[in-house]
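Chain letters run A, B, ... following the sequence lines, proteins first and then strands; every chain starts at 1.
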2 protein chains.
Amino acid sequence: MTHSFAFEHWASTHQVRAEQVLARALPGEETLPERLHAAMRYAVLGGGKRVRALLCYAAAELAGTTADSADAGAAAVELIHAFSLVHDDMPCMDDDDLRRGKPSCHKQYDDATALLVGDALQSLAFTCLAETQVPQALKQVQLLAHATGSRGMCGGQSIDLQSTGKTLTRSALETMHQYKTGALIRAATLLGAYSADKTETSLVNLLDQYSRNMGLAFQVVDDILDATADTQTLGKTAGKDALQEKSTYVSLLGIEEANTLVQSLYQQSLQLLAGFGTEADALRGIARFICERQF
Amino acid sequence: MTHSFAFEHWASTHQVRAEQVLARALPGEETLPERLHAAMRYAVLGGGKRVRALLCYAAAELAGTTADSADAGAAAVELIHAFSLVHDDMPCMDDDDLRRGKPSCHKQYDDATALLVGDALQSLAFTCLAETQVPQALKQVQLLAHATGSRGMCGGQSIDLQSTGKTLTRSALETMHQYKTGALIRAATLLGAYSADKTETSLVNLLDQYSRNMGLAFQVVDDILDATADTQTLGKTAGKDALQEKSTYVSLLGIEEANTLVQSLYQQSLQLLAGFGTEADALRGIARFICERQF
């Protein structure tokens, strides 16, 4: 109980922190081009669970460095995530009108602006990383660029497009999600580790495994929620997977087995962190949050 | 005559070089996701004048470094340029079916793939820069990210969208183009300068001025060609500016004064380089090429 309360405090403190870092990183609405900057702020600020930023801060704690040094990584990965949501919602992709309980960016503005918002948010993510004094900043750029591109998140979207209406094997489904959401969750975690002046390979390997578990758990929970929660609770359109005849962990395993998988991934993550003390508490709390979230 | 021949040889050698570097940087068509990688290669390879890559190589020569060290910058800036063309051609932007004499990416593939192609090409540009051993690589990332984003190329597109159908002042038109095309031409040049182990501030300032002249000249020539050349010669749809009631240097100054402006920018560029020997020949040749091109 105490442990859960302490994590909730840590999480809300770092969510607020990420929001402030993002608000500073984004150009103001009075900066030319005003409409684009207003739309970028609309797409990024004031919503979202900031799971990726939290992973970055939590991994930085385990790596023994400060939140200050992890700010750039946390902002960068949230900017990439926000860009992907803006582009995914567009009519030529998922065509979704609702995001975080508000009209999605292209509904609030227009398609052309949404396209440019996503493009410019991606650039801004790399600006954030390149402007820090973090010694491993170039390594961070390399990691995030790879996780974002065709062998990461964008590649996963492409596989997803090719897969709609087809029944995927579990292995193909896992590959798709490793690209589509797993790569960025892994990058978020490792960005935190590389915020330190120096990072041991053994720590990178451990966080690599932790974040792969979390990436998979995150997606399975997403599939469960899409099948069981309502639109208002989610803040985005529910029940879309079944409507679009997408292969999901729920369609493949059923709700019960999907839930069992999530619990097993949670336990594995705790075991990975078993050798650490309180410096791993944030990562433990995030694992629990990802596996038990209801929205 | 000899001078022009030598430049043509240099240009074609370095165009071929850029093409080879790009072909190696782009994942193969057999790499998952195959369709996305095929579309990325379609959008980037086998066309284009590679002016931005040439600027990068030429500036590297003036900065006293090798083409090897400038390869990453040359590829990165061409990837950003290619991404912008793919997104600009999409139905929600300029809605153009033709690019470099071929169907544009969304016509050859589909809108969703074109969206992802652009996104993934941007990521790949930063992968190229981050994977080099160039000592000033982080500076290069910073420069390119800024030139690409909302205070650079993407911002220029946004200003352009807001300006269609309005009559712009010359000053507003110049601001728009500084963002839309100027920023990336400047970045191309300075990426070359930062390919060196160390770059003198005086050289950066000189190349900054040179590239601003070139950016402006490039746009004015573009406007002249759009008004005077035919679609087949351009490899893209001609006469679009007038059709879309866009403010251009031709609509604002008339053809004759626009031509005079280009000649004046050319002379200014030569003067900037007057203190250098043959190490500036490539930059002189590019200036002439940009100002005298017919397509």
Side-chain angles (χ1 to χ4, degrees), chain A residues 26-27 31-37 39-40 80 83-84 87 90-93 106 110-132 137-159 161-162 175 179, chain B residues 26-27 31-37 39-40 80 83-84 87 90-93 106 110-132 137-159 161-162 175 179:
Chain A
L26 287 156
T31 306
L32 182 77
E34 296 86 354
R35 184 178 164 86
L36 180 62
H37 287 138
M40 288 167 73
I80 295 290
F83 123 59
S84 79
H87 280 186
M90 286 182 68
C92 68
M93 296 283 289
H106 70 279
D110 55 79
D111 292 359
T113 300
L115 182 63
L116 294 172
V117 162
D119 292 345
L121 290 178
Q122 180 173 183
S123 312
L124 188 59
F126 294 107
T127 295
C128 285
L129 293 180
E131 282 181 349
T132 59
L138 199 61
K139 180 86 197 159
Q140 291 182 310
V141 171
Q142 201 178 331
L143 180 73
L144 187 62
H146 193 271
T148 303
S150 68
R151 286 159 294 187
M153 187 184 75
C154 295
Q157 284 292 342
S158 178
I159 300 173
L161 286 172
Q162 301 297 315
T175 301
Y179 280 71
Chain B
L26 286 156
T31 306
L32 183 78
E34 296 86 353
R35 184 178 164 87
L36 180 61
H37 287 139
M40 287 167 74
I80 295 289
F83 123 58
S84 79
H87 280 186
M90 286 181 69
C92 67
M93 296 283 288
H106 69 280
D110 54 79
D111 292 359
T113 299
L115 182 62
L116 294 171
V117 162
D119 292 347
L121 290 177
Q122 180 173 182
S123 313
L124 188 59
F126 293 107
T127 295
C128 284
L129 292 180
E131 282 180 350
T132 60
L138 199 61
K139 180 85 198 161
Q140 291 182 309
V141 171
Q142 199 178 332
L143 181 74
L144 188 61
H146 193 271
T148 302
S150 68
R151 286 158 294 187
M153 187 184 75
C154 295
Q157 285 292 343
S158 178
I159 301 172
L161 286 173
Q162 301 297 315
T175 301
Y179 280 71

Heavy-atom pairs under 4.5 Å with chain A - which of [options] has more of them than the others?
| options | value |
| --- | --- |
| B:Asp111, B:Leu36, B:Asp119 | B:Asp119 |
| B:Met93, B:Glu131, B:Met90, B:Gln122 | B:Gln122 |
| B:Ala114, B:Ala137, B:Ser123 | B:Ser123 |
| B:His106, B:Arg35, B:Met40, B:Glu34 | B:Arg35 |

Identify which part of [X] has an atom lying under 4.5 Å from any heavy atom of chain A, answering side chain, backbone, both or neither.
| X | answer |
| --- | --- |
| B:Leu161 | side chain |
| B:Ile80 | neither |
| B:Ser84 | neither |
| B:Leu138 | both |

Q | Closest non-hydrogen atom pair, B:Ala112 against A:Cys92 | A | CB-O, 3.3 Å

Q | Between A:Ile159, A:Leu121, A:Leu32, the one whose heavy-atom pairs under 4.5 Å with chain B are most numerous | A | A:Leu32

Q: Specify whether B:His87 and A:His87 have parallel, tilted or perpendicular ring planes, treating 30° as the upper limit for parallel and 60° as the lower limit for perpendicular.
A: perpendicular

Which atom pairs, one a donor and one an acceptor, fall under 3.5 Å between side chains of residues 140-158 of chain A and the rest of the protein, sequence neighbours left out?
| residue | atom | partner | partner atom | Å |
| --- | --- | --- | --- | --- |
| A:Gln140 | NE2 | A:Leu191 | O | 3.0 |
| A:Thr148 | OG1 | A:Leu144 | O | 2.7 |
| A:Ser150 | OG | B:His37 | NE2 | 2.6 |
| A:Gln157 | NE2 | A:Asp88 | OD1 | 3.2 |
| A:Gln157 | NE2 | A:Asp88 | OD2 | 2.7 |

